[in-house]
There are 2 protein chains.
Amino acid sequence: MSKCEQCIVREFSALKALNKDELLRMADCKTSFVVKKGETIFDEGDSLNGIYCIKDGVCKLSKLSDNGKDQIVKLVKKGELLGQRSLISEESTNLSAVAIEDMHVCFIPKQEILQFFNENNQFSLNMMKSVCGDLKDADDGMVNLAQKTVKQRLAETLLKLEADFGSNEDGSLKLQLSREEIAGMIGTATESCIRLLSEFNKEGWITLQGKKITITNKKELQRMI
Amino acid sequence: MSKCEQCIVREFSALKALNKDELLRMADCKTSFVVKKGETIFDEGDSLNGIYCIKDGVCKLSKLSDNGKDQIVKLVKKGELLGQRSLISEESTNLSAVAIEDMHVCFIPKQEILQFFNENNQFSLNMMKSVCGDLKDADDGMVNLAQKTVKQRLAETLLKLEADFGSNEDGSLKLQLSREEIAGMIGTATESCIRLLSEFNKEGWITLQGKKITITNKKELQRMI
DNA sequence: AGTAAAATATGATAATTGTCATACAAATTC
DNA sequence: GAATTTGTATGACAATTATCATATTTTACT
């Protein structure tokens, strides 16, 4: 059983408010596991008995729409927590979480988290801030979906993927998503997404090589937004 | 200075966790005021020094998009709080709040709320739940905007307006919104919204008399969603 | 009450986006 | 390694939605 003290999640999430004692208790009751790319951590409608710490990897939070398409609401990466909303609301999840890369994840039982809420005020405050951050992002997302064109949303998403997840030595986006996933992020049909990527490519804003996408003219993409 | 003890906001919001002592303190430092329909409570980018309790009336939370259109993110009504996100995040607001009806509002200074966070755990938990509820709604809103047609979103919005705000004796929706505001809720051009309302009218799902909208065939509207 | 301003309504048209079909490439399976 | 499945790409077309123009109605103002 590894320690929680030096874990990256502790560094970046609400957990940074926990003291040594609390971290030891957490290390004691947590379970670690690996999630392979494509595997599901939880599904829409599941009731969660705790929250997940993402030690490594990235997953998508998405919701299946009636038309059969998966709308991606958020990407969650290393250092972040997963499942807080459901735990705090005491409701089953409204989103599913599926790994986009291989992941290392720890599960902390609900009881433990609730106790932290009770005894550690800073932890509660941190958690609130984190949820508020998500809320702000979601509100912004709504405005984008409602008021911007698919082209603008694609440009914005590509820039955001670079900003959030970085790029490789060759300049290509580190996080590789399928066309379907990108379409799910910007809220459009997969074909439309593919078409626009081709268009961006022809215009010279980006370069495509298989799943690899390289931004070659950031300024033009920014200008579109 | 009126008491907070029997206030409707206390009944329905996170404030229900406050004890007599805390309520008295709150009554002492709060300021009450009236907001006329159309008036602004706060604007996008304002820094708030507290939160607002809505004793009566309804306001819209909206964000101005680059294309000049106002996207309505949420309607906030009597009994609810306003400005928590900004206060908790310690950021300026990302949304503006404008009265849709005449309102009675109380302002509670930031210091007071922070103290409640520190001394009353249930209050913190309630606040978290409330923000989490908003987050869930926003996530659902994103999926709707991304995956449903304008027609479906209009139908859904009309039903939601009836469910949330009720109807008058004549059956018309109690909350009267301008066409532009309805368009801002469903994320479409005002003309498109007007056109679809006319269409719904012709089909017999709704009746229009000026600003008054009456749902006359709820089942058909539900079937569309 | 009379006038100006704003909101609602509708037509015509263009632009955007989705759907269906099909082709090709890449990955996976046996 | 051949075969099947899955993902990517593109064309053709239809449907949806936005934009611009212009009436008409309602509301606000003095």
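Letters A, B, ... mirror the listed sequences (proteins, then strands); counts begin at 1. On a predicted model such as this, the values are computed, not experimentally measured, just so you know. Below, all heavy atoms of this structure are taken into account, side chains as well, without hydrogens, waters or symmetry copies.
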Please output the side-chain donor-acceptor pairs of residues 81-105 of chain A that fall under 3.5 Å, not counting sequence neighbours, one pair per line with the distance.
| from | atom 1 | to | atom 2 | distance (Å) |
| --- | --- | --- | --- | --- |
| A:Arg85 | NE | A:Asn94 | OD1 | 3.4 |
| A:Arg85 | NH1 | A:Ser89 | OG | 3.1 |
| A:Arg85 | NH1 | A:Glu91 | OE1 | 3.2 |
| A:Arg85 | NH2 | A:Asn94 | OD1 | 3.1 |
| A:Ser86 | OG | A:Glu91 | O | 2.5 |
| A:Ser89 | OG | A:Arg85 | O | 3.1 |
| A:Glu90 | OE2 | B:Lys129 | NZ | 2.7 |
| A:Thr93 | OG1 | A:Asp43 | O | 2.9 |
| A:Thr93 | OG1 | A:Gly45 | N | 3.3 |
| A:Thr93 | OG1 | A:Asp46 | O | 3.4 |
| A:Thr93 | OG1 | A:Leu95 | O | 3.3 |
| A:Ser96 | OG | A:Ser62 | O | 3.3 |
| A:Asp102 | OD1 | A:Lys37 | N | 2.8 |

Requested in this report: List in chain and number order the residues that pass salt bridge (Lys or Arg N to Asp or Glu O under 4.0 Å) with A:Glu169, two or more places apart in sequence or in another chain; answer none if no residue qualifies.
Outcome: none
Report task. Sequence neighbours left out, what pairs pass ring pair (Phe, Tyr, Trp, His ring centres under 6.0 Å) with at least one residue falling in residues 48-95 of chain A? Result -> A:Phe42-A:Tyr52, A:Tyr52-A:Phe107
Query raised in the report: Hey, what bend do you get for the helix from C:dA1-D:dT30 to C:dC30-D:dG1 if you fit axes on five pairs at each end, rounded to 10°?
Result: 50°
Query raised in the report: Under 4.0 Å between a Lys/Arg side-chain N and an Asp/Glu carboxylate O for A:Lys63 and A:Asp70?
Result: no
Query raised in the report: What parts of residues 194-218 of chain A reach DNA chain D, counting only heavy atoms under 4.0 Å away?
Result: A:Ile194, A:Arg195, A:Ser198, A:Lys211
Requested in this report: Taking only Lys NZ, Arg NE, NH1 and NH2, and the carboxylate oxygens of Asp or Glu, determine whether B:Glu199 and B:Lys151 approach each other closer than 4.0 Å.
Outcome: yes
Query raised in the report: Looking only at atom types and distance, does a side-chain atom of A:Thr214 sit under 3.5 Å from a main-chain N or O of A:Thr216, one as donor and one as acceptor?
Result: no
**Report entry** Minimum heavy-atom distance A:Gly171-A:Ser167, with the two atoms named
**Finding:** O-CB, 3.6 Å
Query raised in the report: Using a heavy-atom distance cut-off of less than 4.0 Å, which residues of residues 171-179 of chain B contact DNA chain C?
Result: B:Ser178, B:Arg179
Report task. May I ask you to list the residues of residues 146-159 of chain A, by number, that have any heavy atom positioned under 4.0 Å from an atom of DNA chain C? Result -> A:Thr149, A:Val150
Requested in this report: Indicate, with a heavy-atom threshold strictly under 4.0 Å, whether A:Thr188 touches base, sugar-phosphate, or nothing.
Outcome: sugar-phosphate
Query - Listed partners of B:Asp139 passing side chain to side chain donor-acceptor pair (under 3.5 Å), at least two apart - result: none
Requested in this report: Using a strict cut-off of less than 4.0 Å between a Lys/Arg side-chain nitrogen and an Asp/Glu carboxylate oxygen, indicate whether B:Glu181 and B:Lys60 qualify as a salt bridge.
Outcome: yes
Query raised in the report: Does the side chain to side chain contact (heavy atoms under 4.5 Å, CB included) test come out yes or no for A:Phe200 and A:Leu208, once each step is laid out?
Result: CA-CA 9 Å; A:Phe200 283 16; A:Leu208 301 173; over 6 Å; no
Requested in this report: Inspect the contact between A:Glu220 and A:Arg223 and indicate whether a charged nitrogen and a carboxylate oxygen are less than 4.0 angstrom apart.
Outcome: yes
Query raised in the report: Can B:Lys174 and B:Glu162 be counted as an ion pair, charged N to O under 4.0 angstrom?
Result: no
Query raised in the report: Quick one: do B:Lys74 and B:Asp137 make a salt bridge, cutoff under 4.0 Å?
Result: no
Query raised in the report: Should B:Glu156 and B:Arg153 count as an ion pair when the cut-off is N to O under 4.0 Å?
Result: no
Query raised in the report: A:Asp164: what forms a salt bridge (Lys or Arg N to Asp or Glu O under 4.0 Å) with it, not counting sequence neighbours?
Result: A:Lys160
Requested in this report: Provide the start and end nucleotides, 5' to 3', of the part of DNA chain D that has atoms under 4.0 Å from heavy atoms of chain A.
Outcome: D:dG7 to D:dA12
Requested in this report: For DNA chain C, note the earliest and the latest nucleotide, 5' to 3', having some atom under 4.0 Å of a heavy atom belonging to chain B.
Outcome: C:dA7 to C:dA12
Requested in this report: Please name all residues satisfying salt bridge (Lys or Arg N to Asp or Glu O under 4.0 Å) with A:Lys211, sequence neighbours left out, ordered by chain then number.
Outcome: none
Report task. Would you confirm whether B:Ser192, through its side chain, and B:Thr188, through its main-chain N or O, come within 3.5 Å as a donor-acceptor pair? Result -> no
